[in-house]
Amino acid sequence: MKVYPENIKKYNAELIKLGRLLKRLSFLRLFIFLFSGVIIIYLFSSDLITPVYFVFPLAIVGFGAAINYHEKIAYQKKHTAFLKRINEAEILREKCSLEEFDNGVRFMDHDHPYTSDLDIFGQHSVFQLVNRTTTESGMILLSQWLSQPAPASELKERQKAIKELSEKLEWRQDFEAIGMYFQNKKSDYKKLLEWLGAPAGLLRYRRVLKAVAIILPVLLLFSVYFFYANLDSENAIFYLVPIIGFFLINIMILRKVHPQAEYISETSTRNLETTRGYHALIKKVESETFSSKKLSELQAILSHGNYSAYKEIKKLCRLMEFSQQKPVKNQPIGGNGLYPLLNSFFLLDIHLVINTEKWKSKNKAFLKFWADVVSEFEVINSFAGFCYSNPSYNFPEITEKNNYVHFDSLGHPLLISDERICNDFQSEGQGDVVMITGSNMAGKSTFLRAVGVNIVLALAGAPCCSKNAEISTLKLFSSMRTEDNLKRGISSFYAELSRIEKMLQLIETNNNVVFLLDEMFKGTNSQDRHRGGFSFINQVNKLKTSGIIATHDIELAKLAGNKNLVTNYSFNSEIKDGSMIFNYELQPGICSDFNASVLMEKSGIRILPNI
């Protein structure tokens, strides 16, 4: 798409401009500092003390203003750099160059009905192609949308939301760039929620503790004042006793609240950037106007009346920032060296713990909802970006028919568009089993994955790599990459049987299952494979299910076709001038050519003409 290179060019120009401005601001700060210092020194040396009272505050204000403006421009520059990266990432996705993106392998579950077989997670995966989230919770939710089909009513609302957001290119990219600024790999979203959900230990004593935290520091300061005022007195030593007494009382109280205060500080260190990220993303969501029902309802969760998620999380961020002044044992670097001294005088830990627990008591029930809203916006934003970058893709119509799958000009989204060969596919209901035969490398497995991936996208609410699509809300199950497991003592054949057993159990409990099988029973002898394959086809034909089976077994395809148990399709190839040519076009009927012998010969095996 032309818009991405154009944006990159625009942001490059802005980065150059902002870089020059930052250099000028750095010189300005240095000039203000040096010039102010020279003026103040001159005034002192000339015994002009009165002008110092005017010059010094002006110097502080001017220097502070220069620092704030510098930080503002530095943020703009970093934000612009993120926007440039976002557009560069979109170009990489267009080329299907996905190596540098998060592969989501941590979400991979080999026992899942389809994610391992269909490259939903891992290298060169759907997750890499779609993901534009920046928070840990957003990635978790995206993995769930790709792993669990949504109800029909939810799918229709998701489609409307994705369509609306796809048209807001500038807002979407700005939303993603804001999240990138606060990405935090050390964050643990689940532990943050656990901390917020932990019971309050001191909140019920807040009135007493607040009074103590005010009265004791006042008494201690008065004691220090009287000691200082009577320093020349013979009885000065006696004025030291109250100071020591109040100081020891403070230390004893601080020991009681120390575990809670340190826990808050440790949690803040891990999750402050994450919380700031939610704060900034919520502000972006609250400031926009949406028309779709889903986006409007999500936005409404963030604010009602005078109660605003943005304002409340801002308070939490301030508490976390304050808690980071406290040095923590497990983190030797960080903290404010003056904090322990000030804490021993003013009982800062009590204020920190009480105010934090007060915030948690008021908002802990809402924070997960707020985080869920941000996460859902991030996921919708991811699919909206996917939709915008693929204008030829289309949203499927969701039908109430059972086991209905219809795609016109279906392609695999993980293949480069210029190299992608598209095919029509239709499965019209329960009992409709399609068998695909074909020579090696002809495209059988890729076609199965193309069907599966587009079903996954459709049932997540996303557009499909298809000109037209209609699909029912079904359960998908695949068995394509069964492997042995030496540690568990499981052979590849047993692993395949285990997958098929799970599939049959799923079919028995659900009326709307579509299965994808690649080379049934390949781990056993040809006779048992043929008998078992036909028996399986005969069994599933009587069940309330449908699916696709890819096989090299021509005889099995013929037998099942003659018994009207399957509809046969094939991928074919031809040999020209000693080279194999594949058209990757799905055709009716059984495969009519074989290329395994040619491939073996090319590998150095001398094939006997008569055997």
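What you are looking at is a predicted structure, and each value in this text was computed from that prediction instead of being measured. The basis for the numbers below is simple: all heavy atoms, side chains too, and nothing from hydrogens, waters or symmetry mates.
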Student: Quick check on Lys168: does its NZ atom have over 12 non-hydrogen neighbours (other residues, nucleotides or ligands) under 6.0 Å away?
Tutor: yes
Student: One pair to check against salt bridge (charged side-chain N to carboxylate O under 4.0 Å, His left out): Lys156 and Glu397. What are the steps and the verdict?
Tutor: CA-CA 9 Å; Lys156 292 173 183 177; Glu397 181 183 343; over 6 Å; no
Student: CZ of Phe369: more than 12 outside heavy atoms within 6.0 angstrom?
Tutor: no
Student: Got a salt bridge between Glu321 and Arg276, using NZ or NE/NH1/NH2 to carboxylate O under 4.0 Å?
Tutor: yes
Student: Would you call Arg449-Asp518 a salt bridge at under 4.0 Å N-O?
Tutor: no
Student: Could you tell me whether Lys10 and Glu6 have a side-chain N and a carboxylate O separated by less than 4.0 Å?
Tutor: no
Student: Quick check: Phe477 with Tyr114 (ring centres under 6.0 Å apart)?
Tutor: no
Student: What are the two closest non-hydrogen atoms of Tyr310 and Ile282, and how far apart are they?
Tutor: N-CG2, 3.8 Å
Student: Less than 4.0 Å between a side-chain N and a carboxylate O, is that true for Arg85 and Glu88?
Tutor: no
Student: Would you indicate whether the side-chain heavy atoms of Ser472 and Glu400 approach each other to under 4.5 Å?
Tutor: no
Student: Does Tyr569, at its OH atom, have more than 12 non-hydrogen atoms belonging to other residues, nucleotides or ligands within less than 6.0 Å?
Tutor: no
Student: Salt bridge between Lys294 and Glu154, side-chain N to carboxylate O under 4.0 Å?
Tutor: yes
Student: Parallel, tilted or perpendicular, judged at 30° and 60°: which one describes the rings of Tyr4 and Tyr388?
Tutor: perpendicular
Student: So, Tyr584 versus Phe571, ring centres under 6.0 angstrom or not?
Tutor: no
Student: Please report the closest heavy-atom contact between Glu378 and Gly138, naming both atoms and the distance.
Tutor: OE1-CA, 3.7 Å
